[in-house]
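Numbering starts at 1 and runs along the sequence shown. Just follow the structure's listing: the first ligand is 1, and inside any ligand the first atom is 1.
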Amino acid sequence: MKIISSIEELRQQLRGQLRTAFVPTMGNLHEGHLSLMRLARQYGDPVVASIFVNRLQFGPNEDFDRYPRTFQADVEKLEKEGVYVLFAPTEKDLYPEPQEFRVTPPETLGNMLEGEFRPGFFNGVSTVVLKLFACVQPRVAIFGKKDYQQLMIVRNMSKQFALPTEIIAADTYRAQDGLALSSRNMYLSEQERAEAPTLFAALQQIAQAINTHNPDTLPNIAALEEEAMIKLVQRGWQPDYIAIRKRSDLHAPSMDDLAQGTPLVVLAAAKLGTTRLIDNLEI
Ligand code: PAF
C-alpha cells in the first residue's frame, strides 16, 4: 500500500484510474470501517482510503484534540484489506491556506438533527468531502448508514454539483449486543459500554411499535419519541433527540405519509456520561 500525504503526488499515483473506489475516514479504524473497504472492492478498483481528522467539522467544545489517532495500527489493517493507496494528508497538505470557500448544505437538511446540536458540522463535512473527492477523483465513494444524515447530505451534494462520484451506502456494522461500532465507543467506561446497546434497543422498540401497529389507526409518532426519550433519561442518558423521520428527506412524516406507509427511519443521538453516541434504524 502506498501512503501519500501530498495532493500532487496522489494525483500522479492515480492518473488514468477511472474506476477508483474511495473510503474517506478519520482513522482509528474498526471492523465497521474495514467492512466499508470490502464493499469498496466490489464497486471499483483500485480502492483508495483516506485518514484525515478534519478540524472543520468539530465544534469548539468537541473532541478534536482527543480524537483517537492510531495511524500505525490503521495502516496495518488497511494493508490486510488490499487498499492500494492511503491518502493521509496533514492539515497543511489539505488546507495550505485557510479554507474560506465552504460547502453549506441547505438549511432544510443541514440544520436539523445533528446539524441542530452540532452547528457547522455538516458545513465542515461537506467541505472536506468535496475537497477529498477533488483530490481522489473517485468513481464511487462508500459512506456508512450509521451517519445517516451525513450520507444523505453527501449524496445530495454529489447530485446537485453533478460530481462524477456515485455514493454507495453501507449497512451499519454492529457488535453482537447491537451497539453500532464507532471510534467514539472507546471513550466509554466498562459500565457505560454495558449500557450503550440500550440506544439501539430503544430504536428497535420504536420500529416494532410502528410495524405492529393496528392498521386501522395511525401510530402516535410524538408519543413514541417521547416515551423512548424518557426511558433513556431514566437510565442515565442525556438524549439530544429521538426522531422518527421520512427516509426520503429526513422531515417528520405527515398523517398522509403514515397512512400511505411512506418509508421511515428513526434516528437518535444521546450522551452517556461524556460520550455522545448516534444511531438509527430504517423502519
Ligand atoms: O464519517 C467520517 O468519518 C467523516 O465525517 C468523514 C466523512 C471522513 C469526513 O471527515
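- Using a 4.0 Å cut-off between a side-chain N of Lys or Arg and a carboxylate O of Asp or Glu, Arg184 and Asp63 qualify as a salt bridge.
- Other members of the cluster containing Ile283 are Leu179, Leu188, Leu199, Phe200, Leu203, Ile206, Ile210, Leu218, Ile221, Leu224, Met229, Leu232, Trp237, Ile242, Ile244, Met255, Leu258, Leu264, Val266, Leu272, Leu277, Leu281, with ILVMFWY side chains joined at under 4.5 Å, either directly or via other members.
- A salt bridge is absent between Arg139 and Asp45; no separation between the charged side-chain nitrogens and carboxylate oxygens falls under 4.0 Å.
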Note to self: Under the criterion side-chain hydrogen bond (donor to acceptor under 3.5 Å, both in side chains), I'd like the reasoning laid out for Tyr148 against Asp279: C-alpha separation, chi angles, the key distance, then a yes or no.
What the structure shows: CA-CA 8 Å; Tyr148 206 87; Asp279 203 350; over 6 Å; no
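- A salt bridge is defined here as a Lys NZ or Arg NE, NH1 or NH2 lying under 4.0 Å from an Asp or Glu carboxylate O, and Glu282 with Lys145 meets this definition.
- At a threshold of 4.0 Å, the pair Lys77-Glu31 does not count as salt-bridged, since none of the basic side-chain nitrogens sits closer than that to a carboxylate oxygen.
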Anything under 3.5 Å between an N or O on ligand 1 and a protein N or O? List each pair with its distance, or write none.
residue	atom	partner	partner atom	Å
ligand 1	1 (O)	Gln150	NE2	2.8
ligand 1	5 (O)	Gln57	NE2	3.0
ligand 1	5 (O)	Gln150	OE1	2.8
ligand 1	10 (O)	Gln57	OE1	2.7

